[in-house]
Structure formats: C-alpha cells, structure tokens
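Report on the following structure.
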There are 2 protein chains.
Amino acid sequence: MAKIKRNRNGTRKDVIIAKAAKLFREKGFSATSMRDLAEHVGVEAASLYNHISSKAEILQEICFKTANNFMSQIEEVDATPNKTAIEKIQAILRFHIKQMLENYEEVYVSDREWKHLTDPYLSNMQTQRRAYRQRIASIIEDGIRKGEIKPIDAPTAVLIMLHAVSGIESWHRSKKKIAGEVLEDNMVQILVDGLRKQS
Amino acid sequence: MAKIKRNRNGTRKDVIIAKAAKLFREKGFSATSMRDLAEHVGVEAASLYNHISSKAEILQEICFKTANNFMSQIEEVDATPNKTAIEKIQAILRFHIKQMLENYEEVYVSDREWKHLTDPYLSNMQTQRRAYRQRIASIIEDGIRKGEIKPIDAPTAVLIMLHAVSGIESWHRSKKKIAGEVLEDNMVQILVDGLRKQS
DNA sequence: TGAAAATGCTAACATTTGTTAGCTGATTTT
DNA sequence: AAAATCAGCTAACAAATGTTAGCATTTTCA
C-alpha cells in the first residue's frame, strides 16, 4: 500500500539502492536482511523484487558504479599533461576525499563489502582494484625517477594513501567535525609532507 | 570421532578461536557459519559448544584480547620518560605494524568486525576505541605544542595513522611481499616525513 | 476510457542459521 | 579399577533467510 517515494531524477530502484548502501555500511552486507531493507524503504520484502532481481545485484550496482567513477577519474588525471607526479597524487587524494565526503555510504560499502560479490563479479572487481593500485604506483615511481618523490617503496605508499583516506569513516562518526575542506587540506598535507615539522 | 588437535600451550578453545579468526577475516563474522567453522576445525558443529558458549563469545574473545594488547602498549609508551612526541608516535606505529604482521588475523578481525559485538560488549569496545584514539591525539597535540610536530589537526592525523596501518591487509595479499622490516621502515617514514622529497 | 504496465500485498517455499538434548566412548583423577 | 570429567556424535528445534507465485490495486498512456 505504501508506495516508495521517488525523488525527481531517480527511479525507485535508486531509492532502494541508496537505502541499501546505508544499511550495508552500518551492519555489513551479510548482516543486512531483505526484510530489514524493506522496512527502511517502507514496503514489504517481496515488493523489492519488482525493482531489483536479487540482493546480490544491489551490491553489484553499488560496487561497480563506484569503481567506474574512480577509474574514470584516474584516467583523466593520468592523461593531463604538464602535471608533476606530486600534483597528480594530490589530485587523486583530493578526489578520494571528496568522494568519501559526498558519496560516503556507497564509497564505503564498495571498499569494505566487495568481498561478498560472487563470481564473475568478484574476479572482475579484484582485477579492477589491482589495476587501480598499479596505476597509482606507476605515478609514484615516475615521481621517484624524476626526483620529486622520495625513493620509497611505491606499493607501500599506495597502500598507505588509500587506506588513510578510507579512515574518513571515523571523521563521519566524530562529534566535532571539522570542515570538509580543512579535512582535505590536512590529509593531503600530512600524507605529502608528513607529521614532522621541518626545521 | 576426529579429535581437535591441540598444540602444546594451547587449549582446544584456542584452536577454535584461531580458526575462527581466519574465517572471520576471510568472509566476515556474519557470513561465517558455525558449520563452516566446525568443518575447518575438523569436527561437527555441535561439538564446538563443548568449548565455547556461543558464536558471539568467539568474537568477544578476539576483540578484547587484541584491544587489551594495544591498550597495554600505549600505556607503556606514554609512561616512558625522555621520549619526544615523534618518538612516541613512531613507537606506536611500529607496534601496530608488528602486531599486524604477527597476529594478522586477530588484529584485522578486531578492527573490522567489532561492530558485530552486542551490548554491553559493543558499547565497551566503542568506549575503548575512542579512548585509544584520544590518547594518540594527546601525544600529537603535545608534540605540536613543543614544536616537534606541524600544527595540523590531531584527530585527522590519528585517523590517517591508524587506517594507514590497517592497510597492511593489502600487503598480506600481495604477491611480491617486501620484508616486514622494510615495510615497517617505509610506513613510518612516509607517515612521519611524507612523500615529497625535501629539496 | 480502456488496456497495459507498474507496484504493492499475503502466503508460502526451501535453505540455512545458531543452539540444545541426549547419548557414547575416551581420558583423567582418585 | 571405579568414578568423574571431557569431547565427540546424531538428531532435532525454532527462527531467520532469500526468493517466488498469485493476486489486487494504481498509474501510465494510446
């Protein structure tokens, strides 16, 4: 009886996926039941299946939409001429942070819950994630070669960068939030120049 | 019929918890069933209950053992005199990294799956985690006051540090692992001094 | 306006879930 | 050697799970 309210510019499927993203973030994919989701959408569980074909499909949509988003951006950055490696890294970092602030639920879910995808989506996502990290590592190695970046292990640097950014989850939960731009500047500065005060 | 093999210096309960930690890391707490766990232990599901009282208890043991471990260490570091803030931060970082390398499964699980604890354990853990971050933030703020650390937002720095370290998960999965000590040095260096080459 | 499509509902299904009961045989303790 | 504890088993449970079938109502649009 209770219809799913559909915002302009969004299908009912979009509403379901948005609510699902929120629940998947809070409780995890496996611990979220379809009845749970239905209740938050304001509908009976069976009714969801008029809009989606399975629980798995919801996760797939969330993960691949997000992954494509990041892939597009890194290609854009990488293709931009006249950019130093440090600038490229900064651009990627800022994009990650902005995404984490603007599309928190979906970005978080696709980062933490992609393991629950099933093949062939699972392998696909693994490949995509590996490729993404590899591209960043290449930028860093390029920067090292050109003397802009310290000679550190590039994969380690990538690993630190990406996980540091995902820590914005704690920021979201925090009581005394600092402004988004301040957070962004702080994160980029700490990662690029470190904690220690240069004397 | 098939008995649980018990290593010297370990009860059968310990064996179960160790196997559980591995499964919880791979598939998550909710997606791991007791029958799953039993199979990996080499026993029927019902037999597990001769050693543990519930699935929830397993998660509790993993989480609180790990949390206590980290709490002890930070108290020790914090109480050590004649240490600069940077040195304290380094000590904490190295401890985290070492724990991640040595007790990977349990550290990972207690970091990622504690949300599935139930009250009162859940609230307890939340409090403990908040307190832990607060202690590190205080060290950083102290370092800022003394001019050892750049004037950045301390909670942001904590968030970066802790999540960066948890990225060692990717290192574990990586094909071409660098040595543990090299990883440790790289991580500490990047976090403390940043990516950019000082000119 | 009337037909087609979309969206909701209730009921039910087959599995899977965590856990308990009750039993048998082994191991330890006295 | 007898008694007590430990550690495994099979069978079963109640609840929760994802999903489908079948039907009613509303919305869309020709």
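Reminder, nothing fancy here: chain letters follow the sequence lines and each chain counts from 1.
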Set of salt bridge (Lys or Arg N to Asp or Glu O under 4.0 Å) partners for A:Glu181, sequence neighbours left out
none
Whole-Å distance separating the CD atom of B:Glu44 from the C1' atom of D:dA12:
14 Å
Could you state the CD-C1' distance from A:Glu39 to D:dG18, rounded to the nearest angstrom?
17 Å
Gap between atoms NE2 and C1', on A:His51 and C:dA5 respectively (whole Å):
12 Å
Please report the distance, rounded to the nearest Å, between CD1 in B:Ile16 and C1' in D:dG8.
12 Å
Starting at CG of B:Leu37 and ending at P of C:dT16, how long is that distance when rounded to a whole Å?
18 Å
In chain order, what residues pass the side-chain hydrogen bond (donor to acceptor under 3.5 Å, both in side chains) check against B:Tyr108, with sequence neighbours excluded?
A:Lys115
Residues B:Lys27, B:Asp36: salt bridge by 4.0 Å N-O rule
yes
Footprint string (nucleotides 17-24 of chain C, 5' to 3'): B base within contact, S backbone only, - free, heavy atoms under 4.0 Å
BBBB----
A:Phe29: ring pair (Phe, Tyr, Trp, His ring centres under 6.0 Å) partners, not counting sequence neighbours:
A:Phe24, A:His116
B:Ser47 side-chain N/O to D:dA7 phosphate OP1/OP2 under 4.0 Å
no
Side chain to side chain contact (heavy atoms under 4.5 Å, CB included) partners for B:Glu184, two or more places apart
B:Arg94, B:Ile97, B:Lys98
Length of the line joining B:Arg12:CZ and C:dA26:C1', which is rounded to integer Å:
11 Å
For A:Thr66, check side chain to side chain contact (heavy atoms under 4.5 Å, CB included) against everything at least two apart and list the hits.
A:Phe70, A:Glu106, A:Val107, A:Ser110
